[in-house]
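Accompanying notes for the structure given below.
All heavy atoms count here, side chains included; hydrogens, waters and symmetry mates do not. Per chain, numbering begins at 1; letters A, B, ... match sequence-line order.
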Protein chains: 2
Amino acid sequence: MTTEIWISQLQDNGYRITSARRAVVDTVYGSTHALTPIEVYDKARKKYRALGLVTVYRTLEKLEELHLIQRVHQPIGCQAFISAGVGHQHLLLCQNCGQVEFFDGDDLDALTKNISRKTGYQIKEHWLQLFGLCINCK
Amino acid sequence: MTTEIWISQLQDNGYRITSARRAVVDTVYGSTHALTPIEVYDKARKKYRALGLVTVYRTLEKLEELHLIQRVHQPIGCQAFISAGVGHQHLLLCQNCGQVEFFDGDDLDALTKNISRKTGYQIKEHWLQLFGLCINCK
DNA sequence: TACTTATTGAAAACGATTTTCAATAACATG
DNA sequence: CATGTTATTGAAAATCGTTTTCAATAAGTA
Ligand SMILES: [Mn+2]
Ligand SMILES: [Mn+2]
Ligand SMILES: [Zn+2]
Ligand SMILES: [Zn+2]
């Protein structure tokens, strides 16, 4: 998997491929840490000097819309993004260095059935995030 | 349980009891929906006309600091508040009307041990939220 | 009742995000 | 490859939510 996949996704959806967009894609794709718009801007500008912050916002918007990236919610803030996982996945975040990992294999069926019965809610989806310390930080 | 509990908590922590604070407390306490600062402002001003939005922010800040309210994270935004649950609890949100309920009794020990082993992370805490439709909305 | 000082709301400041706009560059067409 | 159409660009301005500043006020204390 390479950044070209994101590039063709953009292309296939009628978006033009520009140097600005390439710089943003190259920066966000494959990052192990969630990045805020400003962080993306600072990193991407090393690859493409003329880049504007506005274009970072606009590109992140499109990548999110195409489900190529996803927003990361944290106690400190909820405006950082990371490459989206494939299929149904959850996040594991390092509280110290901000590293992000995906995991799957949670089985919440019993739980949701139980809660559904107790509350009368029809449960549609769930968010599960784990926080801790990565190998380097613990 | 009544709003007086929050009032005495504020008092016990050295904060003065004012009409503005009473209006905010009365509004947030016991609300079944998460409220944003503006929503709190609009509702609370019906009880106390002179209330300023700044005071709403300042009071919410204190209530959060005393763990009497907690922030609710949602796909649409993360600046709404609700009365905090007692002990370790999780949220169940109605995607239609915004109603909020608490639940407990999730058992994620097996899951976290498993993830911990696979990833090498030391897991410290978790966020779990369920989304669905409440009895009225489904 | 008088005093101290935390609290107030209005206004200004702020930071993040969005909108506006004219110049530019991507890409379809010939 | 040259040309035309128009999506995309970055700068500047506007906007939105939140925070800070400040002088007036009112809560709590003695
Ligand atoms: Mn899951
Ligand atoms: Mn739990
Ligand atoms: Zn780490
Ligand atoms: Zn509902």
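- We find that A:Glu101 and B:Lys118 are not joined by a salt bridge, their nearest charged nitrogen and carboxylate oxygen being 4.0 Å or further apart.
- Relative ring orientation between A:His73 and B:His73 is described as perpendicular, the plane-to-plane angle rising above 60° on a 0-90° scale split at 30° and 60°.
- Which of C:dC27, D:dT9, D:dG28 sits closest to the side chain of A:Thr18 comes down to D:dT9.
- What separates CG of B:Leu10 from P of C:dA6 is a distance of 16 Å, to the nearest Å.
- If you take NZ of A:Lys62 and P of D:dT8, they are 6 Å apart, rounded to a whole angstrom.
- Atom-to-atom, CZ of B:Phe81 to P of D:dG17 comes out at 15 Å; the value is rounded to the nearest Å.
- Between A:Gly52 and B:Ile38, the residue anchored closer to the 5' end of DNA chain D is A:Gly52, taking for each the nucleotide with the nearest heavy atom.
- You'll find that the side chain of B:Pro37 is closest to D:dT18, out of D:dT18, D:dT9, D:dT21.
- Using a 4.0 Å heavy-atom cutoff across all strands shown, B:Arg21 reaches sugar-phosphate atoms only and no base atom.
- A cation-pi arrangement is absent between A:Lys138 and B:Tyr121 under the rule of less than 6.0 angstrom and at most 45 degrees off the ring axis.
- Summary of the strand contacts: B:Ser19 and B:Gln79 both lie near DNA chain D, and taking for each the nucleotide with the nearest heavy atom, the more 5' one is attributed to B:Gln79.
- Using bins of under 30°, 30° to 60° and over 60° for the plane-to-plane angle, the ring pair B:Phe103/B:His90 lands in the tilted bin.
- When only modelled atom types and interatomic distance are considered, B:Gln129 and B:Gln74 share no side-chain donor-acceptor pair under 3.5 Å.
- One can find a donor-acceptor pair under 3.5 Å joining the base of D:dT6 and the side-chain atoms of A:Arg16.
- Here D:dT8 is the nucleotide among C:dT8, D:dT8, D:dG28 with the atom lying nearest to any side-chain atom of A:Tyr15.
- Distances were taken from every side-chain heavy atom of A:Val54 (C-beta onward) to each of D:dA12, D:dG17, C:dA10; the shortest belongs to D:dA12.
- Atoms CG (A:Leu53) and P (C:dA16) sit 10 Å apart, rounded to a whole Å.
- Rounded to an integer number of Å, the gap from B:Ile76 CD1 to D:dC16 P is 18 Å.
- Put simply, CD1 on A:Ile7 is 13 Å from P on D:dT8, counting in whole angstrom units.
- Taking atom CG of B:Asn13 as the reference point, atom C1' of C:dT7 lies 16 Å away to the nearest angstrom.
- Using a 4.0 Å heavy-atom criterion, one finds that B:Tyr48 contacts the sugar-phosphate atoms exclusively.
- B:Arg58 places its CZ atom 18 Å from the P atom of D:dG17, with the value rounded to the nearest Å.
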